[in-house]
J.: 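Sharing a structure, written as structure tokens. Questions coming.
Because the structure is predicted, anything quoted here is derived from the model rather than measured.
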Amino acid sequence: MKSAVETLNPTRVRLTVEVPFEELKDSLDAAYKKINQQVTVKGFRKGKIPARVIDQRFGRGAVLEEAVNDALPKFYTEAINEAELNPLGQPEVDITELKDGETLNFTAEVDIRPTIEIPDYSGIEVTVDAVEVSDEDVEKSVEQLRERFASTSPVERAAEDGDVLTIDLQAKVDGEILEDGVAEGVSYTIGSGELLEGIDEAVKGLEAGGEATFTSELKGGSAEGKEAEVTVKVTQVAARELPALDDDFAQLASEFDTLDELKADSRKRLENMKQYDQATQAQERVLDELLKLAEVPIPEKLLADEIQTRKHNLEHHQLGQMGIDLAKYLEIQGKTEEEFTAETEEQAVKGIKTQFILDELVNKEKLNVNQEELTEHLMRRAASSGMSPDQFAQAVVEGGQVPMLVGEVARGKALAVVVEAAKVTDTNGEVVDLEDDEEEVAEAVVAAAEGEPVEVVEAAEKTEA
């Protein structure tokens, strides 16, 4: 077999392949055998029909077509390996000549991973937010914990901000009560922003037994998006009572004996969260600077496929779970479809560049992924997917996704190498040490850039004592 490579552009080549006919022998034998099992000819047992009879009855062309279809993937792979190319996606194959007994010639156009020159990244400098936890931050954290332990008790007075009401609702559109527009015994906290726009103004000042009518756009149900006349009746007003901030509260809400210990723990947790956020910010900004330094041509078809995949994942997975469609999502975001498409393309370009550059860096630095690193990454991915590690591992193996996970870990290690070489300072001018969990944070940043549906585990969970 002879092959030649023509470079069409930095990300696409055309292979020209010439195959001597004798190299088709195995595929021809397999074609005759396959046809033998599929047809019957009077006077011959099934599977025992001579080749010349198959040629006479069904045509030599049918045999050649079967043989060529069987052989092409092998010859294409040999040509790719011989040229030391890294193909992306499926090739476009065109048989240019097929002479029975003489030769098979074909061309194959395919996108390839471009050759990338890794830039000198040792001079990268980025600035990140300083890790600062104020007394106000601690007080807010403790107050949020206090809110979780609030109790309610009925009161005989007009409803005020923060009260918890029990209400009945009735919605009318064009004067008709909606079948799904009636609800009774609904619990609602004034000022929570839940339920319907305008409900807070309607219920404030009402006592138990009072009712009011207001107009609001329905957020769901059969008349979603339509203006409705809503009648709300208050059946109970309850005041929220917060526990006193003292040692008894600390013992109720935590494992600590005193309020001072609880506050100290809250401060430590906030510091850990801010440190994790700082590390993520550093990784993201270093990655952005690295992408600016490198010239990375993007294969057109790969980009188009990536954009389509990102749109599909958003519409059918993320938005589907939220119960909204793309139009509603764009409305909430205040974006036009054109803006959304442009933003998606920008994200897709960044994702492809990230993968290409970091993969090249993995090869240059000879970075390997050991079993322990892969297992830790798998467990983090399982946690973010809501599956058990065993379930996630089984799904990965059955889906043939182990190489994908290995690639994610390796690219995380590559980004960590770049961050280690970069100068990272905070807004106070202090040099930032990012050694703790550096590779773990890098994996999450890389996954986000590449568009993987990965959620970073809550920093508070990561930093439990």
Side-chain angles (χ1 to χ4, degrees), residues 124-145 148 254-256 261-291 347 350-351 354 358 369 372-387 389 392 405 408-465:
I124 290 178
E125 296 184 13
V126 298
T127 302
V128 295
D129 295 337
V131 175
E132 296 174 339
V133 178
S134 66
D135 291 342
E136 289 76 13
D137 292 332
V138 175
E139 294 299 329
K140 183 178 178 181
S141 175
V142 173
E143 190 64 27
Q144 289 173 342
L145 181 61
R148 289 167 52 188
S254 71
E255 70 272 28
F256 301 105
E261 289 175 329
L262 173 60
K263 288 183 176 181
D265 180 70
S266 295
R267 182 180 295 276
K268 182 61 178 176
R269 285 177 178 271
L270 289 171
E271 287 175 350
N272 288 338
M273 291 176 67
K274 285 181 177 287
Q275 285 172 350
Y276 188 86
D277 290 342
Q278 184 190 65
T280 301
Q281 192 178 70
Q283 302 273 3
E284 290 172 343
R285 293 183 178 179
V286 168
L287 175 59
D288 288 341
E289 292 302 312
L290 177 65
L291 296 181
Q347 292 169 346
K350 180 179 180 180
T354 296
L358 295 183
V369 176
E372 182 180 355
E373 292 167 333
L374 182 60
T375 300
E376 289 176 355
H377 182 64
L378 185 148
M379 293 182 70
R380 286 192 292 272
R381 287 291 303 268
S384 68
S385 70
M387 302 169 68
F392 188 80
L405 287 188
E408 289 174 357
V409 178
R411 287 190 287 277
K413 295 180 74 169
L415 178 57
V417 168
V418 180
V419 173
E420 188 176 345
K423 182 180 179 181
V424 181
T425 55
D426 65 20
T427 49
N428 293 332
E430 298 292 329
V431 176
V432 177
D433 180 7
L434 298 171
E435 290 185 6
D436 292 342
D437 298 325
E438 184 174 304
E439 291 180 5
E440 179 181 334
V441 178
E443 289 170 20
V445 170
V446 170
E450 294 178 4
E452 294 290 341
V454 179
E455 298 175 4
V456 179
V457 179
E458 290 293 332
E461 296 179 10
K462 290 175 174 295
T463 54
E464 287 183 347

J.: Ignoring hydrogens, what is the shortest heavy-atom contact between Leu287 and Ala449? Give both atom names and the distance.
T.: CD2-CB, 4.0 Å
J.: Please check if any side-chain donor atom of Asp426 sits under 3.5 Å from a side-chain acceptor atom of Gln278, or the reverse.
T.: no
J.: Is any side-chain heavy atom of Leu405 less than 4.5 Å from a side-chain heavy atom of Glu408?
T.: yes
J.: Do Lys350 and Gln347 come within less than 4.5 Å of each other through their side chains, counting heavy atoms only?
T.: no
J.: Please find the pair of heavy atoms, one from Val131 and one from Glu271, that lie closest to each other, and give the distance.
T.: CG1-O, 3.9 Å
J.: So, Asp137 and Ser134: side-chain donor and acceptor under 3.5 Å apart, yes or no?
T.: yes
J.: Under 4.5 Å between any side-chain heavy atoms of Val419 and Val441, yes or no?
T.: no
J.: Which pair of non-hydrogen atoms, one from Ser266 and one from Val138, has the smallest distance, and what is that distance?
T.: CB-CG1, 4.4 Å
J.: Measuring from Thr127:OG1 to Lys423:NZ, what's the distance to the nearest 0.5 Å?
T.: 9.0 Å
J.: Is the shortest side-chain heavy-atom distance between Leu358 and Leu290 below 4.5 Å?
T.: yes
J.: Start with the C-alpha distance between Asp277 and Gln281, add both sets of side-chain angles, then the distance that settles side-chain contact (heavy atoms from CB on, under 4.5 Å), and finish with yes or no.
T.: CA-CA 6 Å; Asp277 290 342; Gln281 192 178 70; over 6 Å; no
J.: Compare all side-chain heavy atoms of Lys263 with those of Arg267 and state whether any distance is below 4.5 angstrom.
T.: no
J.: Tell me, do Leu415 and Gln283 make a side-chain contact under 4.5 Å, heavy atoms counted?
T.: yes
J.: Working to the nearest 0.5 angstrom, can you tell me the gap between Glu373 CD and Glu443 CD?
T.: 8.0 Å
J.: Just do the side-chain contact (heavy atoms from CB on, under 4.5 Å) check on His377 and Val369 with the steps written out, would you?
T.: CA-CA 11 Å; His377 182 64; Val369 176; over 6 Å; no
J.: So which heavy atom on Thr427 is nearest to which on Ala130, and how close?
T.: OG1-N, 3.4 Å
J.: Could you check whether any side-chain heavy atom of Ser141 comes within less than 4.5 Å of a side-chain heavy atom of Leu270, counting everything from C-beta outward?
T.: yes
J.: Once rounded to the nearest 0.5 Å, what's the spacing between atom CD of Glu255 and atom CG of Leu262?
T.: 8.5 Å
